[in-house]
There are 2 protein chains.
Amino acid sequence: MSKIDLKTETKILNAAKKVFVRKGLDGTRMQEIADEAGINKSLLHYYFRSKEKLFEAVFNEAFRQFIPKVSEAIESDIPFFRKIEIFVDTYISMLINNPHIPIFVLHEINRNPDKLISFMQSQGLRPEILLKSAMKEIEQKRIINIDPRHLVINMLGMCIFPFIAKPILKGVIFNNNEKAFMNFIQERKKEIPKFIINSIKKK
Amino acid sequence: MSKIDLKTETKILNAAKKVFVRKGLDGTRMQEIADEAGINKSLLHYYFRSKEKLFEAVFNEAFRQFIPKVSEAIESDIPFFRKIEIFVDTYISMLINNPHIPIFVLHEINRNPDKLISFMQSQGLRPEILLKSAMKEIEQKRIINIDPRHLVINMLGMCIFPFIAKPILKGVIFNNNEKAFMNFIQERKKEIPKFIINSIKKK
DNA sequence: GTCTATATTGTGATAGAC
DNA sequence: GTCTATCACAATATAGAC
């Protein structure tokens, strides 16, 4: 199915995601979404009533992507260190495919923290369940000597930060060489688990 | 000198920083800055000509704050691990006092990466010098077995991420208890260096 | 320097023909 | 469902009195 044959509603959502994610709610113009979708501005309102409603549809999907999906890995009985490797690899792969999701989601949440709770509820998202089950497992492992909350946040920070700070890091460290930067990101799939496991495993 | 006695230009800059940092360039209204400063909208243009110019003044200062100042620590001959402790402690302390700086700076840079170079040049900022001198030092230490670029980015990510993701983390991990969250941040001044040093020191 | 009033343009949203 | 035309208001910026 070629791009031109997509239903109008799908074309709008794709275009809206592209523009909203790059420019944010405040920076996005309805006209630009219409242009991106190759349709008329009025159709946006016909399908989504208002800019706010269209934004919510986009944000909900982006937020769901952003929250790591780890239920299967966490609940399986593979070794703990292996779970870390799988998580980092999977999550960084997702970020490579959606590099602008983190700064978009985090900016919008900081811009309007009040909406966070309703967003999560409307999406049926309960990240605290995943996090708590992860934390519980970490606590049960006697080999580890670290507050699981710090461990989880360290891991997330190391995975996400390069994508959020990409323009600076790419410029300062890699002379704006995109390929070199992306190669470096690939390395981190191995480097981050190594770094974590080195730190927390018994000496 | 009480707040009401400040020069008008200073009052404007303070108000503009407050509003821009919280709402971003696109989300900020000149009227709101005027209200925050307790003056008339026209005065903003009298002092800064345009919204863009006023924004640049605010952004330049925020960006300078955001770039870690480490020259003294790096150039001194204190032990390497101690330098890490000092850096993390100093940088997190700055972030506690300016918690919204990271998401503001990183959002605006992602929104308009082209401006990054001119911003840095106009500010005389050369973060690559600091970074490279830090990397050089790291490479010279034979005790360490890690790519210095990964080490630096890991450290920055662990320091900055909790501030960027604060609304989510505070909600999910700390039931929106502000005090508990800030206490956790304080812990990280010790936890992050411990985590790093555990990982990279010779076994 | 500071204010009020106004110009000018941009932008979300709607009405109505087809 | 899709388009053109237009409304209503918001927002940056300027003119001019004091």
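Quick note on labels: first sequence line is chain A, next is B, and so on, each numbered from 1. Note that the coordinates shown come from a computational prediction; the quantities given were computed from them, not determined experimentally.
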Inset, instruction - Please state how far atom CG in Asp35(A) lies from atom C1' in dG10(C), giving the value in whole angstrom units. - result: 15 Å
Inset, instruction - From the options dT2(D), dT2(C), dG12(C), select the nucleotide whose nearest atom is closest to the side chain of Thr8(B). - result: dT2(C)
Inset, instruction - Specify the separation, in whole Å, of atom CD of Glu32(B) and atom P of dT12(D). - result: 10 Å
Legend entry - Exceeds 12 heavy-atom contacts within 6.0 angstrom, atom CZ of Arg22(A): no
Legend entry - Phe20(A) ring center within less than 6.0 Å of Phe59(A) ring center: no
Inset, instruction - Return the value, rounded to whole Å, for the distance between atom CG of Leu43(A) and atom C1' of dA15(C). - result: 15 Å
Legend entry - Nearest to side-chain heavy atoms of Tyr47(A), which nucleotide of dT2(C), dC3(C), dG1(D): dG1(D)
Legend entry - Phosphate OP1/OP2 of dA13(C): any His45(A) side-chain N/O under 4.0 Å: yes
Legend entry - Phosphate OP1/OP2 of dA10(D) contacted by Arg29(B) side-chain N/O (<4.0 Å): no
Inset, instruction - Please report, rounded to the nearest Å, how far the P atom of dG1(C) is from the CD1 atom of Ile12(B). - result: 11 Å
Inset, instruction - Let me know the distance between NZ of Lys41(B) and P of dA10(D), rounded to the nearest Å. - result: 12 Å
Legend entry - Selection from dT2(D), dA13(D), dC3(D) that lies nearest to any side-chain heavy atom of Asn40(A): dC3(D)
Legend entry - Parallel, tilted or perpendicular, as decided by the 30° and 60° cut-offs, for the rings of Tyr91(A) and Phe87(A): parallel
Legend entry - Of the listed nucleotides dC3(D), dG12(C), dG1(C), the one nearest the side chain of Met30(A): dG12(C)
Inset, instruction - When you get a sec, tell me which of dA5(C), dT12(D), dT2(D) is the closest nucleotide to the side chain of Ser42(B)? - result: dA5(C)
Legend entry - Between dG1(C) (C1') and Lys11(B) (NZ): distance, integer Å: 12 Å
Inset, instruction - Using distance alone, with no hydrogens and no angle criterion, decide if Glu108(A) and Asn112(A) have a side-chain donor and acceptor under 3.5 Å apart. - result: no
Inset, instruction - Quickly work out the Gln31(A) CD to dA13(C) P distance and round it to whole Å. - result: 14 Å
Inset, instruction - Provide, to the nearest angstrom, the distance between the NZ atom belonging to Lys23(B) and the P atom belonging to dA11(D). - result: 11 Å
Inset, instruction - Could you tell me how the ring of Phe104(B) sits relative to the ring of Phe55(B): parallel (under 30°), tilted (30 to 60°) or perpendicular (over 60°)? - result: perpendicular
